[in-house]
Amino acid sequence: KNRQKKIFFHSRLTFPLLSVTLLASFGSSMLYGYNLAVVNSPATHIKAFYNATWARRYGQGLAQGQLTLMYSLTVSVFALGGLLGSFPVGMLVTRYGRNGTLVRSALLVFLASSLMGFSRYLESPEMVIVGRFITGIHSGICLSVVPMYLGEIAPKNLRGFLGLVPSIFICLGVFSAQVLGLPELLGEDAYWPLFLSVVVVPALLQLLLLHWFPESPRYLLIEKNNVCGATDALRWFLGKHNVQDVIEEMREEQRSLASVETVSVRHLLLDRTVRWQVLSIVVVNMGMQLSGIDAIWFYTNTIFANAGIPALQIPYTTVGTGAIEVIAGLIGCFTIERVGRRPLIIIGFCFMGICCTGITLSLVLQATVSWMRYVSVACVIGIIAGFCIGPAGVPFLMTAELFKQSHRPAAYIVGGSLNWLSNFTVGFVFPFLQMSAGAFCYLVFCSVCVLVALYVYFIIPETKNKTFMEISALFAARPPCLPDLGAIKMVKFNGYGALETSSLECSSSSLS
C-alpha cells in the first residue's frame with residue numbers, strides 16, 4: 001500500500017508541473033531571498049559611499065547616527081516597497097491572471113537593477129534607495145502571486161510539496177547573496193553596484209520563458225468561465241487526458257460561489273464566516289517576520305561581530321549558515337506531505353524561540369565564558385534552520401489553502417501587507433533595539449515565536465490532502481471568532497429602581 005502511494009505521488013509530479021514551479025520560484029521567490037541578504041556583506045562599502053558622497057555635496061560627512069539611519073532606510077525600504085506591492089495583488093491577478101502578473105512584474109526588476117547598477121557612477125545614494133524600493137514592489141507582488149499560482153495548479157496531494165518549493169528558492173537566494181558577497185567574488189568595494197544589480201538575470205529568464213506556460217486552471221474556470229482553457233491547462237500540467245474529476249471539483253466550488261463575486265479587503269474583514277481564517281493568516285504572517293529571522297538576515301555580520309567572531313571569518317561563517325538554510329528548506333519541502341503543515345510550523349517556531357533565548361544567554365555570558373561565541377553561532381544557525389523547515393513557506397501555503405477562490409486575492413493582500421509591514425519594522429528598528437536593549441532584544445522575538453506556536457496548536461486545523469471546500473467546512477464548524485452583533489441587549493431603568501432588558505434586532509445599516 002505504501003509503495004502504491006509513493007508511485008501515485010511521483011506519477012502526479014509531471015515535468016510541466018515541476019518546470020513551472022521551478023521557473024516561477026527562480027524568477028520571483030529567489031529574488032526575494034537575494035534582496036533580503038544582499039545588503040549584509042557590502043554594508044561597510046555602501047556606508048562609505050554614502051559618507052563620501054555626502055562630504056562631496058555638503059563639505060562634511062554624515063554623523064554616526066545619521067549614517068546608521070540612512071543605511072537602516074536602505075535596508076528597510078525594501079520592505080516598504082513590498083508593502084506597496086502587496087496592495088494591488090488582488091486587482092492584478094484578477095485582470096492579468098496569475099501567470100500574466102508574474103511575467104509583467106519582471107519588468108520592475110530591470111528598472112531597479114539599472115538604478116542600483118549606475119548609482120556609484122552617478123554618485124547618487126538616492127538611486128540605491130529607490131532601486132531597493134522598486135525591488136521591494138516586485139517582491140511584494142510575487143511573494144503573494146507565486147504561492148497562489150502554484151497552490152491552484154497543484155493536485156491536492158502535492159499542494160504542500162510544491163507550495164514549499166518557493167521557500168527553498170528563498171533560501172537559495174539568501175545563500176547566493178552570501179556566496180557572491182565573499183571577498184573573492186563581489187564582496188570588494190569596487191563591485192557592490194554589480195552585486196546589487198545581478199537580480200536582473202533570474203528576472204530575464206522568467207520574462208522570456210514563463211509566458212509559454214498555461215494560466216491557472218482554477219482562474220480560467222471559476223473566474224473566467226473558460227472550460228476549454230481550463231481543461232487544456234489541466235491536461236498540460238497533469239500529463240493526462242482525462243481530467244473530468246478535477247473539473248467537477250472546480251465546478252462544485254464555482255457553484256458554491258455562483259452568487260459571490262471576488263470580495264474586497266473590506267468585505268473580507270467584515271465577513272463573519274471567514275473570521276477565523278483571517279485571524280489565522282494575520283497571526284502566522286506577522287509571526288513569520290517578527291520571529292527575528294529578518295534581523296538575522298539583514299544584520300548577520302553585525303550579530304556575528306557582536307558575538308566575538310573574528311572579522312576575517314565572518315563572511316565564511318555566514319555562507320555556512322546559508323548552506324544549512326538550504327538543507328533545512330529541503331527537509332521541510334520533502335516532509336510536509338508526510339507530517340503535515342501544523343507540526344512543521346509548530347516545531348519551527350518553538351525551535352526558533354529556544355534559539356533566541358540561547359543567543360541572549362550566550363551574549364550575556366560571553367564576557368566570562370570564551371566559548372559562548374560558538375553558542376551564539378549555533379543559535380543563529382538554529383533560528384535559520386527552524387525558520388526554513390516550516391515558518392518560511394507554510395504561511396504562504398496556508399493563505400492559499402484557508403480560503404475559497406472568491407476570498408483568496410483579498411486574503412493575500414491582508415497577509416502580504418502585514419508580512420511586509422512587520423518586515424519593515426524589524427529591519428528599521430532592530431539596530432536601535434540592539435543598541436538600547438543589548439543581548440535582551442532577542443527575548444522579544446522569543447515571545448513572538450512561542451505565542452504563534454500556541455495559536456497554531458490550538459486554532460489552525462491540519463489541511464493536508466484536503467480540498468479547499470473541506471478546509472472551509474472545518475473552519476465553519478468552529479464557534480464564532482467574535483460575537484454576533486445582530487442582536488444587541490439594551491438595558492434600561494424602569495422608573496421603580498429596577499433594571500429590565502429588551503432585545504433589539506438590528507442590521508449593519510441601522511448600526512451605522
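For the single chain, residues carry numbers from 1 onward in sequence order.
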Between Gln66 (side chain) and Ala63 (backbone), is there a donor-acceptor pair under 3.5 Å? yes
Return the CG to CD1 distance between Leu454 and Ile459, rounded to the nearest 0.5 Å. 10.5 Å
Close side-chain approach of Lys466 and Leu474, heavy atoms under 4.5 Å: yes
Treating Arg95 as the side-chain partner and Met91 as the backbone partner, does any N or O pair qualify as donor plus acceptor under 3.5 Å? no
Please check this pair: side chain of Arg342 against backbone of Tyr457, looking for a donor-acceptor N/O pair closer than 3.5 Å. yes
Heavy atoms of Val448 and Ser291 approach each other most closely as CG1-N, 4.3 Å
Where do Cys356 and Phe445 come nearest, in terms of heavy atoms and distance? SG-CB, 3.8 Å
Which is it for Gln289 and Thr425 under the side chain to side chain contact (heavy atoms under 4.5 Å, CB included) test, yes or no, and what are the steps along the way? CA-CA 9 Å; Gln289 301 297 344; Thr425 302; over 6 Å; no
Using a cut-off of 6.0 Å, state whether more than 12 heavy atoms not belonging to His45 lie near its atom NE2. yes
If you count the non-hydrogen atoms of other residues, nucleotides and ligands that lie under 6.0 Å from CG in Leu312, is the total more than 12? no
In terms of side-chain heavy atoms, does Ser280 have a donor or acceptor partner in Tyr455 at a distance below 3.5 Å? yes
Given 3.5 Å as the limit, does a donor-acceptor pair link the side chain of Ser28 with the main chain of Ser25, or not? no
For the backbone of Ile359 and the side chain of Ser362, can you confirm whether one donor and one acceptor N or O come within less than 3.5 Å of each other? yes
Any chance the rings of Phe334 and Phe161 have centres within less than 6.0 Å? yes
Has His407 got a side-chain atom pairing as donor or acceptor with Leu402's backbone, closer than 3.5 angstrom? no
Are Asn419 and Phe396 side-chain neighbours, meaning at least one heavy-atom pair lies under 4.5 Å? yes
Donor-acceptor contact present, side-chain Glu188 to main-chain Ala190, <3.5 Å: no
Is any side-chain heavy atom of Tyr121 less than 4.5 Å from a side-chain heavy atom of Pro193? no
Closest contact, heavy atoms only, Ala385 versus Ile324: CB-CG2, 4.4 Å
Any heavy-atom pair between the side chains of Tyr442 and Ile383 that's under 4.5 Å? no
Assess whether side chain to side chain contact (heavy atoms under 4.5 Å, CB included) is satisfied between Cys142 and Leu102, documenting all intermediate values. CA-CA 6 Å; Cys142 295; Leu102 290 176; 3.9 Å; yes
Heavy-atom neighbours of Gln60 CD exceed 12 at 6.0 Å: no
When you look at CZ of Arg56, are more than 12 heavy atoms from neighbouring residues, nucleotides or ligands closer to it than 6.0 Å? yes
Does any N or O in the side chain of Arg408 come within less than 3.5 Å of the main-chain N or O of Ala400, such that one atom is a donor and the other an acceptor? yes
Do Trp192 and Tyr50 have ring centres separated by under 6.0 Å? no
Counting C-beta onward and ignoring hydrogens, is there a side-chain heavy-atom pair between Val263 and Asp271 closer than 4.5 Å? no
Less than 4.5 Å apart, side chain to side chain, heavy atoms only: is that true for Met116 and Thr135? yes
OH-CD1 distance between Tyr412 and Ile141, expressed to the nearest 0.5 angstrom: 15.0 Å
Quick check: are there more than 12 heavy atoms from other residues, nucleotides or ligands sitting under 6.0 Å from CZ of Phe351? no
Nearest-0.5 Å distance, CZ of residue Phe133 to CG of residue Leu108: 10.5 Å
Would Ile327 and Ile331 count as a side chain to side chain contact (heavy atoms under 4.5 Å, CB included) here? Give the steps. CA-CA 6 Å; Ile327 294 171; Ile331 291 172; 4.2 Å; yes
Nearest heavy-atom neighbours spanning Val319 and Gln178: CG2-O, 3.4 Å
Could you measure the distance from the CD1 atom of Ile281 to the CE atom of Met288? Nearest 0.5 Å is fine. 13.0 Å
Within this structure, what is the CE-CD1 distance for the pair Met70 and Ile129, rounded to the nearest 0.5 Å? 4.5 Å
For the residue pair Gly353 and Cys446, what are the closest heavy atoms and their distance? O-SG, 3.3 Å
Can you list the steps and then say if Val39 with Phe78 is a side chain to side chain contact (heavy atoms under 4.5 Å, CB included)? CA-CA 11 Å; Val39 290; Phe78 174 69; over 6 Å; no
Less than 4.5 Å apart, any side-chain heavy atom of Phe475 and any of Phe403? no
Is it the case that the side chain of Ser139 and the backbone of Gly136 share a donor-acceptor pair, with hydrogens and angles ignored and the cut-off at 3.5 Å? no
Using 30° and 60° as the class boundaries, would you call the ring planes of Phe169 and Phe26 parallel, tilted or perpendicular? perpendicular
Between atom CD1 of Ile336 and atom CG of Leu158, what is the distance when rounded to the nearest 0.5 Å? 11.5 Å
Do Val20 and Tyr149 have side-chain heavy atoms sitting under 4.5 Å apart? yes
Check whether Arg120 reaches the backbone of Tyr191 with its side chain - one donor and one acceptor, N or O, closer than 3.5 Å. no
Would one find more than 12 heavy atoms of other residues, nucleotides or ligands at under 6.0 Å from atom CZ of Phe440? no
Residue among Glu401, Glu337, Glu152 satisfying salt bridge (charged side-chain N to carboxylate O under 4.0 Å, His left out) with Arg159: Glu401
